[in-house]
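Here's the structure we're looking at; comments come further down.
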There are 2 protein chains.
Amino acid sequence: MPDGAVKTEKKPVKKPVKKKDKYRQRQTEVIDAAAAVFAKKGYHGASTGDIAALLGIAQSSLYYYFKSKDEALEKVCLHGIKGYVERLQAIVAGDGSAEDKIRGAIHNHIEPVIFIPDYFRTFVGELRYLPENRRQKLNNMIAEYNALFEQILVDGIAEKTFTGSLDSHSTMLMLIAQCNTVPFWFGQFEQYSPAQLADMLADNFLQGALWRPN
Amino acid sequence: MPDGAVKTEKKPVKKPVKKKDKYRQRQTEVIDAAAAVFAKKGYHGASTGDIAALLGIAQSSLYYYFKSKDEALEKVCLHGIKGYVERLQAIVAGDGSAEDKIRGAIHNHIEPVIFIPDYFRTFVGELRYLPENRRQKLNNMIAEYNALFEQILVDGIAEKTFTGSLDSHSTMLMLIAQCNTVPFWFGQFEQYSPAQLADMLADNFLQGALWRPN
DNA sequence: TTATTTTTCGATAGACCTATTGAAAAATAA
DNA sequence: TTATTTTTCAATAGGTCTATCGAAAAATAA
């Protein structure tokens with residue numbers, strides 16, 4: 001600005017939303033690809049070049065959508081767990097029986113596992129590779145989720161709907177651990193719908209996978 | 001050999017065993033360290049430098065005991081599954097009831113998981129990173145193991161000891177998957193012995209982790 | 001059209017990692 | 001002791017990977 005001209009102050013008043021939406025849509029595609037590659041090769045086994053290749057773009061282009069590989073993993077994990085806590089809160093606050101609630105909780109846990117397996121497998125298997133600072137937030141969400149889950153068991157035991165050989169905390173951990181294994185083997189059960197799978201797991205816990213008929 | 005002296009043909013007749021034993025003992029320490037590092041950081045997240053650091057030796061020294069990182073992973077996995085098939089064969093061939101056998105199989109599966117957790121975690125979590133050629137042998141062992149496990153369920157259903165909502169193949173896969181999760185959370189259950197843990201898991205399957213008292 | 005912004009790209013530095021090599025050190029045998 | 005074997009080492013070649021940079025291309029606005 002060699003002369004005294006004042007920069008025109010015409011701010012763009014319209015359509016910033018549309019532009020940001022487009023960016024976010026592309027970013028979602030990028031994170032989808034990251035989830036797929038992380039799930040398949042593991043976080044450390046996956047390179048940013050692998051992610052770019054899946055998208056058909058240059059490796060360096062990825063950094064327009066995230067600023068480090070760590071951040072990509074964080075985004076995948078956050079998306080993997082998104083909505084879990086809120087849905088479980090609604091179930092716990094509902095007025096069904098304890099058995100209804102535990103069945104609802106298992107459905108809540110398993111169905112997204114099946115609909116977004118890449119996100120969930122990454123969340124379950126690769127979260128531990130997130131640096132401590134990024135992992136904090138996710139750990140808090142997990143702690144809250146686990147507490148809600150355990151609350152259902154505590155309530156069910158208190159009102160004598162359930163009896164168990166284990167304490168509620170141990171049972172909660174084992175139950176969630178079993179649900180978390182689902183994306184690693186459900187591919188072998190294509191004859192079952194997600195809801196059926198969830199029902200079967202719930203049955204496993206409520207009455208056993210095997211039982212004596214008499 | 002400037003003059004015509006013939007090289008003395010005195011082969012060492014004694015103590016080659018001792019020497020080899022010493023080498024093997026050190027090799028076991030090296031593979032132990034590899035198992036610990038693989039279990040903690042994952043195969044791709046672990047470097048040979050990490051393993052050497054744990055042993056307090058130079059990174060290049062490791063290659064006196066294995067000739068590639070892949071081979072180290074293979075050795076860890078083989079040791080992790082060692083004895084599993086043989087013990088399960090003995091259980092299946094025994095003359096206990098189907099319930100005894102399924103309990104025995106769960107004990108067989110879980111106790112080593114707890115005694116050698118680094119090996120087992122590596123076996124469960126990192127086997128998939130073994131190159132195809134090295135994985136073949138292990139896959140065969142797994143297939144044999146799974147078939148034995150399923151045989152117990154098939155027999156129990158045939159003789160009406162068990163009834164289940166799932167087919168025996170699906171049940172086998174889910175049961176093994178649950179057993180495999182043990183090393184990832186059993187640290188939280190230090191009040192229980194391995195045998196108790198195995199009993200509790202068996203109870204989970206036979207009668208449910210939760211059941212209605214009436 | 002031209003100007004501006006958004007998106008993608010090629011090139012690359014800097015770091016890390018595996019595996020090899022020949023030699024040094026340590027252990028053992030003679 | 002000296003000779004031989006076993007074990008460890010430092011140095012490093014050759015490769016891959018992450019993240020950065022300025023420029024090119026594409027999309028959008030004027």
Side-chain angles (χ1 to χ4, degrees), chain A residues 1 5 7-31 33-34 37-38 41-75 129-131 134, chain B residues 1 5 7-31 33-34 37-38 41-75 129-131 134:
Chain A
M1 264 189 268
K7 188 170 183 275
T8 311
E9 281 291 342
K10 244 205 179 144
K11 285 268 182 82
V13 188
K14 292 279 180 178
K15 327 235 175 158
V17 178
K18 249 188 187 169
K19 279 181 190 175
K20 199 158 204 173
D21 280 355
K22 199 179 169 197
Y23 174 82
R24 294 203 174 227
Q25 183 185 332
R26 184 64 169 147
Q27 189 180 51
T28 298
E29 293 170 14
V30 170
I31 298 300
V37 175
F38 290 161
K41 299 190 160 193
Y43 177 69
H44 288 298
S47 72
T48 51
D50 293 331
I51 300 170
L54 184 58
L55 290 162
I57 63 178
Q59 177 262 349
S60 59
S61 302
L62 295 177
Y63 286 78
Y64 186 61
Y65 297 100
F66 53 74
K67 69 189 216 306
S68 72
K69 198 183 165 191
D70 284 348
E71 189 183 280
L73 178 57
E74 186 185 19
K75 285 185 194 300
Y129 302 126
L130 254 193
R134 291 186 187 276
Chain B
M1 267 190 267
K7 187 169 183 277
T8 312
E9 282 290 341
K10 243 202 183 150
K11 283 269 182 81
V13 186
K14 291 277 175 179
K15 325 235 177 159
V17 178
K18 250 190 188 169
K19 280 184 189 173
K20 199 158 204 173
D21 279 356
K22 199 181 170 196
Y23 173 81
R24 293 201 175 228
Q25 183 185 333
R26 184 65 168 146
Q27 188 181 51
T28 297
E29 293 171 15
V30 169
I31 298 299
V37 174
F38 290 160
K41 299 192 160 192
Y43 177 68
H44 285 114
S47 72
T48 51
D50 293 330
I51 300 170
L54 183 59
L55 290 162
I57 63 176
Q59 178 262 350
S60 58
S61 302
L62 295 177
Y63 286 79
Y64 185 61
Y65 297 101
F66 52 76
K67 69 186 216 308
S68 73
K69 197 182 165 192
D70 283 348
E71 189 184 281
L73 177 58
E74 185 185 20
K75 284 185 195 299
Y129 302 125
L130 254 193
R134 292 188 188 276

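Bear in mind that the values here come from a model prediction, so they are computed numbers and not experimental data. Convention: sequence-line order gives letters A, B, ...; per-chain numbering from 1. Scope of the values below: all heavy atoms of this structure, side chains included, with no hydrogens, waters or symmetry mates.
For the pair B:Leu55 CG and D:dT7 P, the interatomic distance rounds to 15 Å; values are reported in whole Å. When rounded to the nearest whole Å, the span between OH of B:Tyr129 and P of C:dT18 equals 15 Å. Separating the OH atom of A:Tyr63 from the C1' atom of C:dG10 is a distance of 16 Å, rounded to the nearest angstrom. B:Gln27 places its CD atom 13 Å from the C1' atom of D:dT7, with the value rounded to the nearest Å. In this structure, the CG atom of A:Asp70 is 17 Å from the P atom of D:dC17, given to the nearest Å. If you take NE2 of A:His44 and C1' of D:dT16, they are 15 Å apart, rounded to a whole angstrom. We find that OH of B:Tyr43 is positioned 13 Å from P of C:dC17, with the value rounded to whole Å. As a whole-Å value, the separation of A:Tyr23 OH from D:dA27 C1' is 16 Å.
Relative to the side chain of B:Arg26, the nucleotides D:dT18, D:dT8, D:dC9 differ in distance, and D:dT8 lies closest. Residue B:Tyr64 has its side chain nearest to D:dT6 when only D:dC9, C:dT18, D:dT6 are considered.
Side chain of A:Ser61 to main chain of A:Ile57: no donor-acceptor pair is present (N/O by atom type, distance under 3.5 Å, no hydrogens or angles). Using a distance-only test at 3.5 Å, with no hydrogens or angles considered, no donor-acceptor pair links the side chain of A:Tyr64 to the main chain of A:Gln27. With hydrogens and angles disregarded, no donor-acceptor distance shorter than 3.5 Å links the side chain of A:Lys69 to the backbone of A:Ser47.
Here A:Lys22 reaches the OP1 or OP2 of D:dT28: one of its side-chain N or O atoms lies under 4.0 Å away. Taking only side-chain nitrogens and oxygens, A:Thr48 comes nearer than 4.0 Å to OP1 or OP2 of D:dT18. For C:dC9, one of the phosphate oxygens OP1 or OP2 lies less than 4.0 angstrom from a side-chain nitrogen or oxygen of A:Ser61. For A:Tyr65, a side-chain nitrogen or oxygen approaches OP1 or OP2 of C:dT8 to under 4.0 Å.
Of the nucleotides present, D:dT2 is the one that pairs with C:dA29 by Watson-Crick or G-U wobble criteria, both distances under 3.5 Å. Within the shown strands, C:dT12 is the pairing partner of D:dA19 under the Watson-Crick or G-U definition, both distances less than 3.5 Å. Partner assigned to C:dT20 is D:dA11, using Watson-Crick or G-U wobble distances below 3.5 angstrom.
A donor and an acceptor atom sit less than 3.5 Å apart, one in the side chain of B:Ser60 and one in the base of D:dA10.
At the heavy-atom level, B:Ala52 lies nowhere under 4.0 Å from the strands shown.
Remark: A:Lys75 fails to qualify as a cation-pi partner of A:Phe66 under the 6.0 Å distance and 45° angle criteria applied to the six-membered ring.
The two atoms that bring B:Ser68 and B:Arg134 nearest to each other are OG-NH2, 3.6 Å, heavy atoms only.
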